[in-house]
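For reference, the structure is listed below as structure tokens.
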2 protein chains.
Amino acid sequence: MPSLSEENYLKAILFLSGQTQAAVSTNELAARLDAKAASVTEMLRRLSEKKWVEYRPYKGVYLSPAGQDLAAKVLRKHRLWETFLVEKLHFGWEEVHEVAEQLEHISSPKLTDRLSAFLGHPEYDPHGDPIPDPNGVFPKRPKRTLSEVPAGQKVLVQGVRDGDSDFLRYVRQLGIALGDELEVEAVQPFDQSQQVRHGERLLTLSAIAAANIYVL
Amino acid sequence: MPSLSEENYLKAILFLSGQTQAAVSTNELAARLDAKAASVTEMLRRLSEKKWVEYRPYKGVYLSPAGQDLAAKVLRKHRLWETFLVEKLHFGWEEVHEVAEQLEHISSPKLTDRLSAFLGHPEYDPHGDPIPDPNGVFPKRPKRTLSEVPAGQKVLVQGVRDGDSDFLRYVRQLGIALGDELEVEAVQPFDQSQQVRHGERLLTLSAIAAANIYVL
DNA sequence: CTTTATTTTTAGGCTTTCCTAATTTTATTG
DNA sequence: CAATAAAATTAGGAAAGCCTAAAAATAAAG
């Protein structure tokens, strides 16, 4: 059983290596975890001893199959709890992350299963991020982002990538809420920025912003 | 903010001192927390420094008002989560304690409030134990125990005191479940033991057992 | 390809929480 | 009330996680 800290490291490695399973550097981890590089090195040695990561000093680290499984389970719990908080306890989607950071460490497979059933076995959390199944497998069809939407099409806002808080706040500030309808009016060829109609208003979204908004 | 360990100590002191607020001994705490006496002494010194307990070496310890408040809040969370697990996730009342031991340490006043509302602001948990309000105040009317029921009366089983696991198992073994109807047939004058009808069957319950079964 | 800058690791410390063993204080009992 | 037993505390140490500062490895640049 990983400790709370170990779980956070595994989760951070999963996040930073992404689909690609690319090696993650000590400094990247230190930045993500808000810790010093020396602390990260020490923890990586320990995770490596426990066979949860493949660690080459000076070269970086990636998850072993066992580590992937553990990290996916934590992520599953995190996203299930976020779903619970939004759907059942009526939290705003931008305020659930912190609490879910705590709840994700509760260790009870039965609780996780029952919670998932209680929520109707959701495949995506309120931010639009996929929820791994009990075996750590992510749902098939990936979400489309606003970048992929050609001019003239209407879409519904589903969420933002990884539930990034700052970005979430930015989107809300623009007046965009979950479930809102957007229509892509035009895409600028030179920088891929989009002109988007939101009700009466016309907004400009950078390519980066558009790539981080999930739509349906 | 108390640490997880500190919360467990405060909760244990609350439990052992009960209503009376009597001083609790080092060994009692060590037994309850499954720790060594030396560890308890050390922690009591620290809790005392933080003004959460009144501690006199060799004399025992009791909660300060601040400590009472903290302990009650943890207990509130514990019992709310137990209620959630039983009522919403259909756990058995005897299997919720362990998970609630983890959930009780989640720190989010908003979550606690919302959870309480979601459950309809219950005053008693599935074991029949009272749930303190957000200010640490316990509900007024205390539950009646089977001991107080005179011969000839019918009652519904509500729970057992403090959710004691061993006792819970004993009661279940007798075939008694939450919500079952019992009829007190007779009370023995010499030892206060009771003859109780449970459906077709006639059971004998000791005074101690009867005093630990909550009824309505 | 050597010098400089960056990244990473090592060395050594600190806090929390727990432990065992030894000592001291309090309680019990003949 | 002295001797023994029980309870509690102190002393010293370990593991987990984190830190700063110094050293070593790697990468970048002239």
Side-chain angles (χ1 to χ4, degrees), chain A residues 1-17 22-63 66-67 70-71 74 101-102 104-107, chain B residues 1-17 22-63 66-67 70-71 74 101-102 104-107:
Chain A
M1 264 100 290
S3 73
L4 191 146
S5 247
E6 288 168 339
E7 286 194 346
N8 283 333
Y9 273 84
L10 294 174
K11 197 171 48 119
I13 297 168
L14 178 66
F15 177 84
L16 292 172
S17 60
V24 174
S25 77
T26 302
N27 268 359
E28 281 178 281
L29 272 169
R32 170 114 187 134
L33 292 162
D34 199 27
K36 300 300 167 187
S39 308
V40 173
T41 299
E42 195 185 11
M43 179 62 98
L44 292 184
R45 225 181 14 74
R46 245 175 315 163
L47 292 175
S48 177
E49 252 170 38
K50 296 186 176 176
K51 308 285 185 197
W52 291 327
V53 302
E54 223 44 79
Y55 169 53
R56 287 271 150 58
Y58 295 104
K59 295 298 182 179
V61 73
Y62 58 92
L63 295 173
L70 285 172
V74 176
E101 287 283 306
Q102 295 182 62
E104 73 189 2
H105 301 292
I106 302 293
S107 168
Chain B
M1 260 101 294
S3 72
L4 192 146
S5 248
E6 287 167 341
E7 286 194 347
N8 283 333
Y9 274 84
L10 293 174
K11 198 171 48 116
I13 297 167
L14 178 66
F15 177 84
L16 292 171
S17 60
V24 174
S25 77
T26 300
N27 268 359
E28 280 178 280
L29 272 169
R32 170 114 188 134
L33 292 163
D34 198 27
K36 299 300 165 188
S39 309
V40 173
T41 299
E42 197 185 11
M43 178 62 97
L44 291 183
R45 224 180 14 75
R46 247 172 315 152
L47 292 176
S48 178
E49 253 170 37
K50 296 187 178 176
K51 309 287 183 195
W52 291 328
V53 302
E54 221 49 76
Y55 169 52
R56 287 271 151 56
Y58 296 105
K59 295 298 181 178
V61 72
Y62 57 92
L63 294 173
L70 285 172
V74 176
E101 287 283 304
Q102 295 182 61
E104 73 189 1
H105 300 293
I106 302 292
S107 168

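Lettering follows sequence order; numbering is per chain, from 1.
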Between [N] atom [atom2] and [X] atom [atom1], what is the distance in whole Å?
X     : N      : atom1 : atom2 : value
B:L47 : C:dT17 : CG    : P     : 9 Å
A:E42 : C:dC14 : CD    : P     : 15 Å
B:E6  : C:dT16 : CD    : C1'   : 9 Å
B:M1  : C:dT16 : CE    : C1'   : 17 Å
A:R45 : D:dA16 : CZ    : P     : 10 Å
B:L33 : C:dT17 : CG    : P     : 13 Å
B:M43 : C:dC19 : CE    : P     : 11 Å

Could you give the side-chain donor-acceptor pairs of residues 22-47 of chain B under 3.5 Å, partners two or more places apart or in another chain?
unit_1	atom_1	unit_2	atom_2	d
B:S25	OG	B:E28	N	3.2
B:S25	OG	B:E28	OE1	3.2
B:E28	OE1	B:S25	N	2.9
B:T41	OG1	B:A37	O	3.2

message: Nearest to the side chain of A:K36, heavy atoms from C-beta on, is which of C:dT20, D:dC18, D:dT20?
response: D:dT20
message: Does B:S39 reach a base, just sugar-phosphate, or nothing at all? Heavy atoms under 4.0 Å.
response: base
Is there side-chain contact between [X] and [Y], with heavy atoms separated by less than 4.5 Å?
X      : Y     : value
B:E101 : B:K11 : yes
A:E7   : A:L10 : no
A:V53  : A:I13 : yes

message: Walk me through whether A:L70 and A:L63 qualify under side chain to side chain contact (heavy atoms under 4.5 Å, CB included).
response: CA-CA 10 Å; A:L70 285 172; A:L63 295 173; over 6 Å; no
Check this one for me: any side-chain N or O of [X] less than 4.0 Å away from OP1 or OP2 of [N]?
X     : N      : result
B:S5  : C:dT16 : no
A:Y9  : D:dC18 : yes
B:R46 : C:dT16 : no

query: Nearest 0.5 Å, what's the NE2-CD distance between B:H105 and A:Q102?
result: 11.5 Å
task: Let me have a per-nucleotide readout for nucleotides 4-9 of chain C, 5' to 3', with B, S or -, counting only protein heavy atoms under 4.0 Å.
output: ---SBB
query: More than 12 foreign heavy atoms under 6.0 Å from NZ of A:K50: is that the case here?
result: yes
